[in-house]
J.: 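I am attaching a structure below and will ask some questions about it afterwards.
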2 protein chains.
Amino acid sequence: MKSQPITIKDIARILGISPSTVSRALKDHPDISPKTKQLVQTFAEKVNYRPNALALSLRSSKTNTIGIVIPEIVHHFFSSVISGIEDVAYGRGYNAIICQTNENYQREVIDLQALVDNRVDGILVSMSKNTHEFTHFENLRENGVPVVFFDRICEQISSDRVIADDFEGARIATKHLIGKGCKKIMHLAAPQHLLIGKNRKEGFTSALKEHKLVSDDRYIIKCDTREAVFAKADDIIRLAPEIDGIFAVNDSTAIAAMQVLQRNGYSIPKDIAVAGFGDGPNANIAYPPLTTVEQKGYDIGQAAMRLLIGHIEGTVEDEEFETKIFTPELVERTSSQLGHNVR
Amino acid sequence: MKSQPITIKDIARILGISPSTVSRALKDHPDISPKTKQLVQTFAEKVNYRPNALALSLRSSKTNTIGIVIPEIVHHFFSSVISGIEDVAYGRGYNAIICQTNENYQREVIDLQALVDNRVDGILVSMSKNTHEFTHFENLRENGVPVVFFDRICEQISSDRVIADDFEGARIATKHLIGKGCKKIMHLAAPQHLLIGKNRKEGFTSALKEHKLVSDDRYIIKCDTREAVFAKADDIIRLAPEIDGIFAVNDSTAIAAMQVLQRNGYSIPKDIAVAGFGDGPNANIAYPPLTTVEQKGYDIGQAAMRLLIGHIEGTVEDEEFETKIFTPELVERTSSQLGHNVR
DNA sequence: ATGAAAGCGCTAACAT
DNA sequence: ATGTTAGCGCTTTCAT
């Protein structure tokens, strides 16, 4: 029962007219007589004719499809970005293909290649954590495929970029903790070869300096996942008696740290105030609800897609690149109310 | 600088040979002389030749691409399923296009149409909550596109299916609560036109009956999202004094219910024991950690993709359908320890 | 107002 | 061992 989809040629044969007439009739070409148009359109409707997108794309070298390459779909931030991208994309007649690299460099290379092979009109990329080679990005340029980086941008490649102001976000969160009375704040940091790791750490230290607080390297612990926190639990607990605040590079790290401290008899936020980064839905589920900075994923996605369309449709000069920066906003909840008891 | 990608024709012209020779040389055809092969392959490598997947697919009417249509990417269950699908797919030389419907029927129709237009080799679908018309699924069959439903299957369409045993999972969770001493258990239920809603409720009532507990309709509250729980908070609080357990249709609903109860002075699990369904990462983040049943998303994804490949590659009879069922497993945590205090 | 022909990039039957 | 041709489905110039 695997019936081949009907083609323009089929319609032409059945109706006893030429393929070109069918093609024109279907798109209301003025040359075609109303009678023929009527005939063709009605028939096409009846047999549920659908143009073959492959053939269309091959002919026009335009797929109306863009590729999205991201580390992990499951993170709230990335899925907000995807929603932003998709809403703009669909509105402008583009389809989006999502590829997740699972933070795997090899997969990133393969995914990009597959997108290029399938002649997508443009690509939106957020780099994997393990990417240190950039020739696969350079190849895109050589192939004439427009690219916009977002969030995890590649500094070595000149291109449009859309980012959250990680430095400022970290600074805001840290100043908030200081405002709540914290004097000795620990930072749970991401790897420093990642821009977000570097910028958030620098925002953190900048806030400390501004308020003339000591910036103790011992208080900077490298862990940026839930698992990493549990692996470093001993280090955190050893320092816990000295500190009164934690700023974590993301929400899951912040939440895991709260759990580690609570299991060791500390009360949050009474003994130690905590702030995270990202504002996913976890922040509300956490106990106590987590103070964090909101990253505006949806806006970032929209902006990235708009920039990409600018390049695809040639409304922007080819070598003219732009960087859009979104400043995060503090979302204050219970976890940062130093000294307060929570039920 | 938008250089068109190089084609076989280009190579042929430059090397002064015919396109067919180039094509054959590139795929090690035995007819071609080693010298020519060497020449062509080296050159192709040098200019970074890549076949145009569009042209390939058009010619072979085989795209080596499958479509995934799911309600929401962000849910842990669905992203596990995607990982399972992708791992099998890549291993067998298929690419996957992910479409999220956002539980929107119209979007589901559009996404499926786009996939068919792009001639994917097969489609994996988990239905949107708001889908009550099924002609768009029937059209797939008419177009000869193999489909496998998973999790949110469509009863009205005969096809391969991969599901979690929701009835049994709900029964296991409910019996667990009963075993912990619960006598009056509330159920937070999903809409009954959804199979998962129906099956989980029936698993719940079946466990009650088995243990000769009363099944009170007042204890069945319709809410299956975090927001819905807050909307029904008054109803839940009104009944809270009577009950000693809650079985929720999913984890976020269970967690929201715990929060509502806690904010109203109830202690979990001392006063009321709670169990959820799904075992996403939230279950660990919740306070107290949530007892729930694990849905085996990764396995379901793998199984669904394997079934789909069977149909695509014709190793399975066309009208021969299979249903694979995965039984969830209980993951016992703190939220269900009725009578116990948690710090 | 309609049709014939060519071509998007590729491959495979059919020459030579 | 290599080249010529035709065709996948579609559109569009160029006839008529």
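Sequence lines set the chain letters: A, B, ... in the order given, protein chains first and strands last, and positions in each chain run from 1.
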J.: Specify the residue among B:Pro30 and A:Tyr49 whose closest nucleotide of DNA chain D lies further upstream toward the 5′ end.
T.: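 Nearest-nucleotide comparison on DNA chain D picks B:Pro30.
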
J.: Specify whether A:His75 and A:Phe78 have parallel, tilted or perpendicular ring planes, treating 30° as the upper limit for parallel and 60° as the lower limit for perpendicular.
T.: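 Tilted.
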
J.: What is the distance, rounded to the nearest whole Å, between atom CG of A:Asp117 and atom P of C:dG9?
T.: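 Between P of C:dG9 and CG of A:Asp117: 14 Å.
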
J.: Just the rounded figure in Å: distance from P of C:dG9 to CD of B:Gln4.
T.: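 Computing the B:Gln4:CD to C:dG9:P distance gives 8 Å.
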
J.: Measure CG/A:Leu56 against C1'/D:dT11 and give the value in whole Å, please.
T.: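 Going from A:Leu56 (CG) to D:dT11 (C1'), I get 9 Å.
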
J.: Given atom CD1 of A:Ile32 and atom P of D:dT11, what is their separation to the nearest angstrom?
T.: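 To the nearest whole Å, that distance equals 13 Å.
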
J.: Can you measure A:Lys27 atom NZ to D:dC10 atom P for me and round it to whole angstrom units?
T.: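 About 10 Å, once rounded to whole Å.
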
J.: Closer than 4.0 angstrom, basic N to acidic O: yes or no for B:Arg92 and B:Glu313?
T.: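 Salt bridge present between B:Arg92 and B:Glu313.
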
J.: Could you list all N or O pairs between the protein and nucleotides 3-6 of chain C that sit under 3.5 Å apart?
T.:
{"from": "C:dG3", "atom 1": "OP2", "to": "A:Ser18", "atom 2": "N", "distance (Å)": "2.9"}
{"from": "C:dG3", "atom 1": "OP2", "to": "A:Ser18", "atom 2": "OG", "distance (Å)": "3.2"}
{"from": "C:dG3", "atom 1": "OP2", "to": "A:Thr21", "atom 2": "OG1", "distance (Å)": "2.6"}
{"from": "C:dG3", "atom 1": "N7", "to": "A:Arg24", "atom 2": "NH2", "distance (Å)": "2.6"}
{"from": "C:dG3", "atom 1": "O6", "to": "A:Arg24", "atom 2": "NH1", "distance (Å)": "3.1"}
{"from": "C:dG3", "atom 1": "O6", "to": "A:Arg24", "atom 2": "NH2", "distance (Å)": "2.8"}
{"from": "C:dA4", "atom 1": "N7", "to": "A:Ser20", "atom 2": "OG", "distance (Å)": "3.4"}
{"from": "C:dA4", "atom 1": "N6", "to": "A:Ser20", "atom 2": "OG", "distance (Å)": "3.3"}

J.: Between B:Glu72 and B:Lys129, is the closest basic N to carboxylate O distance under 4.0 Å?
T.: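 The answer is no: the pair does not qualify as a salt bridge.
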
J.: Among all residues two or more places apart in sequence or in another chain, which pass the side chain to side chain donor-acceptor pair (under 3.5 Å) test with A:Thr65?
T.: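 Per chain and number, A:Thr65 pairs via side chain to side chain donor-acceptor pair (under 3.5 Å) with no residue.
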
J.: For residues A:Ile8 and A:Pro19, report the shortest heavy-atom separation together with the two atoms involved.
T.: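 Closest pair (atom of A:Ile8, atom of A:Pro19, distance): CG2-O, 3.5 Å.
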
J.: Is it true that B:Arg152 and B:Glu103 make a salt bridge, defined as a side-chain N closer than 4.0 Å to a carboxylate O?
T.: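 So B:Arg152 pairs with B:Glu103 through a salt bridge.
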
J.: Rounded to whole Å, how long is the line connecting atom CG of B:Asp28 with atom C1' of D:dA1?
T.: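 To the nearest whole Å, that distance equals 15 Å.
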
J.: Base, sugar-phosphate, or nothing for B:Thr36, non-hydrogen atoms under 4.0 angstrom?
T.: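 Sugar-phosphate, no base atom in range.
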
J.: Rounded to whole Å, how long is the line connecting atom CD of A:Gln38 with atom P of C:dT2?
T.: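 For the pair A:Gln38 CD and C:dT2 P, the rounded distance is 14 Å.
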
J.: Given C:dC10, C:dC8, D:dT2, which nucleotide is nearest the side-chain atoms of B:Lys9?
T.: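 So the nucleotide nearest the side chain must be C:dC8.
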
J.: In degrees rounded to 10°, what angle is found between the helical axes fit to the five outermost pairs at each end of the helix from C:dA1-D:dT16 to C:dT16-D:dA1?
T.: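 Helix axis angle between the two ends: 60°.
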
J.: Is A:Arg24 salt-bridged to A:Asp31, going by a charged N under 4.0 Å from an acidic O?
T.: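 Not counted as a salt bridge, because no side-chain N and carboxylate O are separated by less than 4.0 Å.
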
J.: Would you please classify the geometry between the B:Phe321 ring and the B:His311 ring as parallel, tilted or perpendicular, with 30° and 60° separating the classes?
T.: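 Judged by the thresholds at 30° and 60°, the geometry between B:His311 and B:Phe321 is tilted.
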
J.: Expressed as a whole number of angstroms, how long is the span from A:Leu26:CG to D:dT11:C1'?
T.: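 Atom CG in A:Leu26 sits about 12 Å away from atom C1' in D:dT11.
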
J.: Mapping B:Ala55 and B:Ser33 to their closest nucleotides on DNA chain D, which lands nearer the 5' end?
T.: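 Mapping each residue to its closest nucleotide by heavy atoms, the 5'-most match is B:Ser33.
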
J.: Within the supplied structure, the quantity of interest is the number of heavy atoms (other residues, nucleotides, ligands) at a distance under 6.0 Å from B:Glu45 CD; does it exceed 12?
T.: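 No.
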
J.: Indicate, with a heavy-atom threshold strictly under 4.0 Å, whether B:Asp31 touches base, sugar-phosphate, or nothing.
T.: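 B:Asp31: base contact, heavy atoms under 4.0 Å.
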
